[in-house]
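Input: a single structure, listed below in structure tokens.
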Amino acid sequence: MTDHRLAPDVEETAEAIASMEIRGAATIAAGAAEALATQAREIDADSPEAFRASMRAAARTLRETRPTAVSLPNALRYVLRRMDGRSVDALRGSVTDAVEEFVAQLDRAQEDLGRVGANRLADGDTVMTHCHSTDALACIEAAVEQGKEIEAIVKETRPRNQGHITAEQLREAGVPVTLIVDSAARRYLNEADHVLVGADSIAADGGVINKIGTSGLAVNARERGVPIMTAAQTIKLHPETLTGHTVEIETRAEDEVIDRKTREGIGEIAVENPAFDVTPPRYMDAIVTEHGQFPPESIVTLMRELFGEGAAEPWAEP
Ligand SMILES: O=P(O)(O)OC[C@H]1O[C@H](OP(=O)(O)O)[C@H](O)[C@@H]1O
């Protein structure tokens with residue numbers, strides 16, 4: 001009998017990622033990996049084939065939660081590729097070991113890239129941020145640890161206002177914060193020494209897929225002559241773009257943009273809510289990873305080195 005029932009925690013994690021209770025590409029990757037470990041620990045499989053099929057079912061459910069952050073499928077691939085053994089116990093152990101290794105790697109990568117990004121920041125810099133990116137914040141926190149005085153201009157980032165999380169976390173790190181509405185970004189670029197954003201996916205051509213509004217900010221930064229960098233650990237590299245695939249841009253519920261009552265007061269209108277956009281490499285100065293910084297156009301060399309085996313979907317078979 002193949003047990004495809006998902007552990008309750010796996011269902012809960014999938015719902016939490018879909019609803020953005022668990023959000024941020026790195027956090028989503030860690031959450032999905034931990035959910036696979038839970039599934040491995042809790043399923044009652046009566047054969048190695050049943051165990052493997054159940055793990056693939058859990059991975060499929062997790063994969064369907066959000067389409068844009070490639071850290072999610074990269075996390076699932078990392079774990080399922082390391083699922084190995086002739087018995088259910090051996091398979092179970094290989095999954096929990098792989099998850100432990102993966103999550104430890106995420107933490108190390110974020111610390112390492114933070115130091116690389118911090119080296120691009122100077123004492124006294126004012127940094128403009130967009131959305132909430134733990135990879136980006138790792139750079140500012142590392143700069144503060146290096147003894148640099150950093151101030152932040154934080155874009156609120158409609159419609160979910162993840163900038164409020166950034167504002168709170170930077171204040172807690174002792175960084176003076178000025179919160180602005182997104183529309184004021186160009187005005188406050190006059191006071192910014194650096195723009196720092198995160199990424200949900202990095203394409204082979206160096207395109208940065210990140211929270212909606214990133215591309216407009218990058219164009220304005222380029223026009224104003226303000227350096228802009230993306231902080232993105234390599235789990236954000238999108239291997240499918242090596243073979244020409246484009247990255248799916250998630251569109252989210254219209255009521256994130258405008259509540260139903262306000263919308264009814266306006267009358268019959270259309271509402272669009274794309275969650276991400278694509279910044280072409282010409283508008284980005286550097287992609288900062290745990291392996292160092294790269295001009296966007298050369299990130300493909302790192303992508304081939306790390307993801308040369310391609311982007312199979314081990315969860316696809318039933
Ligand atoms: O992995 P870290 O750097 O934390 O976040 C990377 C990106 O993920 C977030 O997306 P969402 O808020 O989950 O839609 C933002 O776009 C952020 O820049």
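Each ligand, and each atom within it, is numbered from 1 in the order the structure gives. Everything quoted here is computed from the prediction, not taken from an experiment.
- Contacts between Cys131 and ligand 1, counted as non-hydrogen atom pairs separated by less than 4.0 Å, involve the side chain only.
- Enclosure of atom CD in Glu191 by more than 12 non-hydrogen atoms of other residues, nucleotides or ligands within 6.0 angstrom is indicated.
- Taking any N or O of Ala26, backbone or side chain, at least one lies under 3.5 Å from an N or O belonging to ligand 1.
- In terms of polar-atom proximity, Ala136 is not counted as a contact of ligand 1, lacking any N or O under 3.5 Å from an N or O of the ligand.
- A donor-acceptor contact under 3.5 angstrom links the side chains of Glu290 and Thr234, judged on distance only.
- Of the listed options Arg160, Gln233, Arg23, Lys211, Lys211 places a heavy atom closest to atom 14 (O) of ligand 1.
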TODO: Assess whether salt bridge (Lys or Arg N to Asp or Glu O under 4.0 Å) is satisfied between Arg222 and Asp285, documenting all intermediate values.
DONE: CA-CA 9 Å; Arg222 175 66 79 246; Asp285 293 310; 3.1 Å; yes
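- For the residue pair His291/Glu305, the side-chain donor-acceptor check at 3.5 Å is not satisfied.
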- [ ] Take Asp182 and Thr157, measure what side-chain contact (heavy atoms from CB on, under 4.5 Å) needs, and give me the verdict at the end.
- [x] CA-CA 6 Å; Asp182 300 316; Thr157 315; 4.1 Å; yes
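- Taken to the nearest 0.5 Å, the CG atom of Asn220 stands 10.5 Å off from the OH atom of Tyr283.
- At a 4.0 Å heavy-atom cut-off, ligand 1 touches Ala199 through the backbone alone.
- Given atom 5 (O) of ligand 1, the protein heavy atom at minimum distance is Ala25 N, 3.4 Å.
- Compare Ile235, Leu137, Asp200 by their heavy atoms: the one nearest to atom 16 (O) of ligand 1 is in Asp200.
- At a 4.0 Å heavy-atom cut-off, ligand 1 touches His132 through the backbone alone.
- Among protein heavy atoms, atom 4 (O) of ligand 1 sits closest to Thr134 OG1, 2.6 Å.
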